[in-house]
Amino acid sequence: MPTKNTAKSNGSNGAGTPKKETMLFKFFHDQLKDVYYAEQQLVKALEEMKKACTTEELEDAFDNHCTQTSKHISRLEKVFAMIGKTPEGKKCEAMDGLIKEANSIIKETKQGSMTRDAALIIAAQKAEHYEIATYGGLVQLAMTLGKQNAATLLDKTLQEEEDTDRLLTDIAEQHINLDAEAEDAPQEMEEAEV
Ligand code: FE
Ligand code: FE
């Protein structure tokens, strides 16, 4: 009498009964859509941030991370396939907000200044930290849901986001922050401070 049990068996015996999705699985799928959208927005934002940089060093770092971000998008597409879903994004207010902040930093700092780079590094790190939190959570959820292959792929991206975060800290500490500290504020900024 397969009736009741089939519904509960999650279709794992392949009898053609579709697997019943749990709330946690739905949440996992939703978060995948969120980060898929976020990564796509980030590619565009990194292009803009790259153009706004003062130093070549930071420009190269943004350029590399831009290429890496495109890889993160294809990896997410593989994860969608692994869970039998079509890749699809969902508006991520958090990443939109972080990108908005990066754009205001570009407007509010002087072109060609080291202060611009010091500020861009922080803006980029805020986005990285958002990604680190998201991927960290997704890896754990994938493991809980028994999606080991998905967890492995997501963890690869997590490692790359962490490496980028560390690299940005190194770039800031090597000289950018100190050079920025030596820059004089434009007259109106000094007056505003008093
Ligand atoms: Fe990423
Ligand atoms: Fe990233």
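For ligands, and for the atoms within them, numbers begin at 1 and follow the listed sequence. Sequential numbering from 1 along the given sequence is applied to the chain's residues.
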Novice: Between Thr164 and Gln68, which heavy-atom pair has the shortest distance, and what is it?
Specialist: OG1-OE1, 3.4 Å
Novice: Decide side-chain contact (heavy atoms from CB on, under 4.5 Å) for Phe25 and Thr144; before the verdict, give the C-alpha distance in whole Å, the side-chain angles of both, and the deciding distance to 0.1 Å.
Specialist: CA-CA 10 Å; Phe25 176 84; Thr144 305; over 6 Å; no
Novice: For Tyr36, which residues count as a ring pair (Phe, Tyr, Trp, His ring centres under 6.0 Å) partner, sequence neighbours excluded?
Specialist: Phe80
Novice: So do Phe28 and Ile83 actually touch side chain to side chain, heavy atoms under 4.5 Å?
Specialist: yes
Novice: Hey, what do you get for OH (Tyr37) to CD (Glu93), rounding to the nearest 0.5 Å?
Specialist: 7.5 Å
Novice: What are the protein N/O/S atoms, named by residue and atom, that sit under 2.8 Å from the Fe ion (ligand 1)?
Specialist: Glu39 OE1, Glu39 OE2, His72 ND1, Glu131 OE2, Glu161 OE2
Novice: Which value, rounded to the nearest 0.5 Å, describes the distance between Leu168 atom CG and Gln125 atom CD?
Specialist: 5.0 Å
